[in-house]
Every structure is written in C-alpha cells, then in structure tokens.
Amino acid sequence: MSINNFLEAFIKRESLFKNKAALQSSYIPEEIPHREEQMTLIAKVLAPCLRMERPSNLFIYGKTGSGKTLTVQNTIKQIELIAKREQIPVKFIYINCKLKKVADTEYRLIAEITRFFGREIPPTGLPTDEVYKIFYRTIERENQIIILILDEIDQLVKKVGDEIIYNLTRINTELKNSKLGIIGISNDVMFADNLDPRVKSSLSEEELVFPSYNAIQIQDILKKRSSESIKEGVMEEGVIAKCAAYAAREHGDARRALELLRVAVELAERKTLQHVTLKELDEAEDKIEKDRVLDMVVAQPRQFQLILYTIILISEKSKTESLFTGDVYDLYKTLCGKTNLRPLTQRRVSDVIGEFDISGIINARVISKGRYGRTREIKLVTGEHITAKIKTLLENIFNA
DNA sequence: CGAGATTCATGTGAAGTATACCTTTAGGCTTAA
DNA sequence: AAGCCTAAAGGTATACTTCACATGAATCTCGTA
C-alpha cells in the first residue's frame with residue numbers, strides 16, 4: 001500500500017476515540033472518583049488564602065498513580081477560579097522536583113520558582129543566596145499569596161538534603177507583603193521519618209494520605225474516563241476489567257491503567273481494527289514499558305549510556321551470574337578506548353550506577369562478599385527483549 | 001570447634017579541580033555639543 | 001564630556017577527580033576442649 005493510499009484510508013476511517021485528550025496524563029477531569037474526602041481536606045487547608053491569610057503547609061503522601069497530583073491540581077483550579085473572580089492575588093506554582101536539570105538542586109529549584117514570576121535566572125554563575133534575594137525581591141514587589149507545590153519532593157531531599165525546605169518555610173518570617181504556603185507531595189511513605197524534626201513539623205502542619213486504589217475503584221475510574229474519551233462499543237468485553245486487574249497488581253496505579261487503555265486503543269486504531277481486544281492490551285503493556293525505558297536511555301549523557309551498554313554486554317555473557325562494579329568498570333574502560341571517550345574514574349562510575357538504580361533502569365544492591373570484598377550486585381530489571389532494544393539503540397548511538 | 005582478627009574490593013565522604021557561565025569594572029572608542 | 005562597547009577580573013554552580021578512610025562477611029588463626 002502506498003503512503004498516499006494509507007493516508008486516504010486513514011482520513012476516511014473513523015477514529016475509535018471520542019475525545020482523546022481525556023485519556024492523556026495532562027487531562028484534569030471535572031470529577032475525581034473516590035477522592036472526595038481528600039479534595040475537601042485540601043480545599044479546607046487552602047481556603048484561608050482566599051482571605052489573604054497564609055494557609056497551613058500541607059504534606060501529602062501516597063503511591064504513584066493514587067491521584068495525588070491530579071486531586072491537588074483540580075482543587076487548585078477551582079480555587080484559582082474563585083480567586084480570579086474575586087480579584088484575590090493568589091498564585092499557584094507547580095514544580096516537579098524530579099526533572100533533571102530543572103529543579104534537582106537548591107539553586108535550580110529557587111531559580112525555577114523565580115522564573116514563574118517572569119524573572120530569568122542564569123543557569124549558573126550566581127551565588128545561591130543571591131538567587132534567594134532575587135526571589136524575595138520578586139515576590140515582595142506585590143502583595144500576594146503564593147502556594148508552592150513541590151511534587152516528588154522526596155527525590156529532591158534525597159539528593160540535596162532537607163535544608164531547602166527549611167529555608168523555604170522560614171522565608172515567611174522575612175516576608176512583609178506576600179505569604180508563602182507549601183504543599184509537598186511524596187511517593188515515598190517513609191520519607192517524612194528521615195527529615196529533620198524541625199523541617200518535618202513545619203512542612204507537615206497538615207498531613208494527608210492518599211490510599212492506593214483497589215481493583216474495583218480502578219475499574220470505576222476506567223469506565224468513567226473511557227466513556228468520556230472512547231466511542232461506544234469499541235472496548236471488547238472484559239478488556240477494561242483486565243486493564244484494572246493489571247493496574248491493581250501494581251499497587252493500584254491509576255495513571256498506568258489509563259495509559260494502558262489509551263495505548264491499547266491507539267494500537268487497535270493503527271491496525272485498523274474496530275475493537276480493542278485483550279491482545280492489544282498485552283501489546284500496550286509491552287509498548288509502554290519499552291517507550292518509557294528507551295526515552296530514558298536516550299536522554300542520558302554519553303558516559304551514562306556507555307556504562308549502561310557495558311552492563312548489558314556483561315549481563316548477556318553471563319546470564320545467571322551476578323555482575324559487580326569491578327567487572328563493569330574494567331570493560332567500560334576498554335570500551336572507552338574504542339569509542340574515544342575519556343574514561344571516568346571508578347568513583348564516578350560508582351555514583352552513576354547508583355543513579356541508574358534510583359531511576360529504576362537497573363537494580364543495584366550493595367553486598368559484601370566477605371573475604372572477596374564489598375561491591376554492588378547489579379541486575380537489569382527490564383525484560384529480555386526490551387534489553388535487546390536498548391542494546392541496539394545504544395549500538396547505533398556509538399557507531400554513528 | 002568457635003571466637004576473634006584479618007582481608008579484600010569497593011563503597012563513601014570530603015576536599016580539590018576544570019569548565020562554563022555570571023556580574024562588575026575599567027578602559028577605549030565614538031559621538032555630540 | 002557623555003555614552004556605549006569590550007575585555008579582563010573576580011565570583012559561583014556543577015560535574016568530575018583525588019585522596020583517604022569505612023565496611024562487613026568469608027576466611028584465617030589460634031586457643032581450648
């Protein structure tokens with residue numbers, strides 16, 4: 001079939017979607033099922049800002065895909081609406097702390113916040129307290145309430161310590177015109193326990209836990225969203241139930257379930273099918289995982305990619321045996337010679353492996369082999385054919 | 001045989017270095033009066 | 001003389017290196033039964 005034919009056919013064929021946007025992760029639905037309680041609490045905590053009072057800081061936990069971000073955003077949207085109508089100067093700033101090169105250090109976080117007020121901050125070069133001063137001045141220019149939402153705050157604190165949060169909460173004492181409230185969102189339930197008690201008490205003046213969804217609730221969510229976004233009768237019997245079951249298996253991650261559904265329909269559409277069957281669902285699960293990992297790999301710096309490549313090579317050779325930092329480093333060094341890359345030190349490589357572990361591409365555990373020293377035991381966590389995909393991808397990068 | 005010492009390979013923290021980028025300042029040149 | 005541009009000076013954050021010490025269980029050592 002020529003491309004032209006394909007495109008013609010594509011236009012004539014009816015889409016299986018009614019409103020695809022409703023399945024995308026950026027979509028904020030009008031209603032969030034099973035989260036009424038949490039929404040009211042957030043609203044109660046934040047409400048004082050409509051009277052120009054500083055709301056209590058709020059700390060939220062819950063596993064990924066339990067609706068934390070969505071619920072917060074929805075509540076904010078409503079408050080913003082009222083604030084706008086009543087001309088109350090409330091400003092919400094949402095920042096995801098996980099994003100590399102955006103908000104993963106103290107400097108970058110403050111710089112990023114300040115950027116929300118239209119003030120450009122150079123990527124490096126200024127002293128950090130200078131950036132703080134710019135931040136003060138910018139928000140003090142006008143009388144306003146600022147609510148700062150720090151998503152995945154655990155990642156940030158894990159990397160640079162809890163002093164930032166302390167500084168941020170303390171800013172209020174120095175502000176005259178404006179007021180700052182903080183909402184921290186964390187996936188890690190244990191996170192708060194490792195905080196400095198002072199920081200902890202000031203951050204979690206109010207606390208809120210999002211329980212994971214169970215299978216029935218997920219199914220509920222899926223039904224609701226799919227009726228909004230997908231045409232009637234497209235989903236074959238049992239597909240949604242299966243989709244919910246997949247998600248429930250993963251501690252009730254609703255985001256994942258919705259993505260699964262979307263991709264499954266997309267796949268069916270691409271195959272010019274009229275219905276989505278369980279087969280597409282399985283393929284979708286595979287595709288999502290593959291895309292997620294591959295995107296992550298592509299985004300890594302060269303050195304990181306080469307280290308990952310080494311790990312894949314070694315784990316291929318010795319399928320069952322565990323592999324250790326030393327082996328990786330040796331092979332990595334020789335590969336560096338071939339690729340014309342200056343090898344990093346073992347110290348650094350050790351850190352890189354640690355970072356891979358955090359990002360979830362590999363699994364690295366520090367073990368002691370007794371008489372034979374101490375090292376990290378490294379395992380790939382991706383499935384075999386995905387690993388193969390990564391490998392060819394990396395080979396292309398290094399041959400080019 | 002078992003408790004304690006030893007050992008190995010690398011984890012990990014602190015301090016130092018290179019690089020890239022920022023602001024300030026001091027010329028040096030141009031321009032207008 | 002005032003204004004503007006440029007380059008050097010002095011400063012910072014970040015990624016990485018260097019140095020030095022910490023770790024923890026398998027193995028070894030040696031005293032004891």
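Since the structure is predicted, the reported quantities are computational estimates derived from the model, not experimental observations. In what follows, every chain begins at residue 1, and chains take the letters A, B, ... in the order their sequences are listed.
Considering only heavy atoms from C-beta on, A:Val352 comes within 4.5 Å of A:Arg348 through its side chain.
Straight-line distance from the CZ atom of A:Arg342 to the C1' atom of B:dT17: 12 Å, rounded to whole Å. Rounded to whole Å, atom P of B:dT10 lies 14 Å from atom CZ of A:Arg347. Remark: P of B:dC8 and CZ of A:Arg376 are 22 Å apart, rounded to the nearest angstrom. Between the CG atom of A:Asp351 and the P atom of B:dT10 there is a distance of 15 Å, rounded to whole Å. At whole-Å resolution of the value, CD in A:Glu130 and C1' in C:dG10 are 14 Å apart. Straight-line distance from the CD1 atom of A:Ile121 to the P atom of B:dA20: 22 Å, rounded to whole Å. Regarding A:Lys369, its NZ atom lies at a distance of 7 Å from the C1' atom of B:dA9, rounded to whole Å. Between the C1' atom of B:dG13 and the CZ atom of A:Arg348 lies a distance of 15 Å, rounded to the nearest Å.
At least one cation-pi condition fails for A:Arg35 and A:Phe210: the charged atom is not both under 6.0 angstrom from the six-membered ring centre and inside a 45 degree cone around its axis. For the pair A:Arg119 and A:Phe135, the cation-pi criterion (under 6.0 Å, within 45° of the ring axis) is not fulfilled.
When each of A:Arg371 and A:Arg374 is assigned the nucleotide of DNA chain C bearing its nearest heavy atom, the one mapping closer to the 5' terminus is A:Arg374.
Shortest non-hydrogen contact noted between A:Thr173 and A:Arg170 is OG1-O, 2.7 Å.
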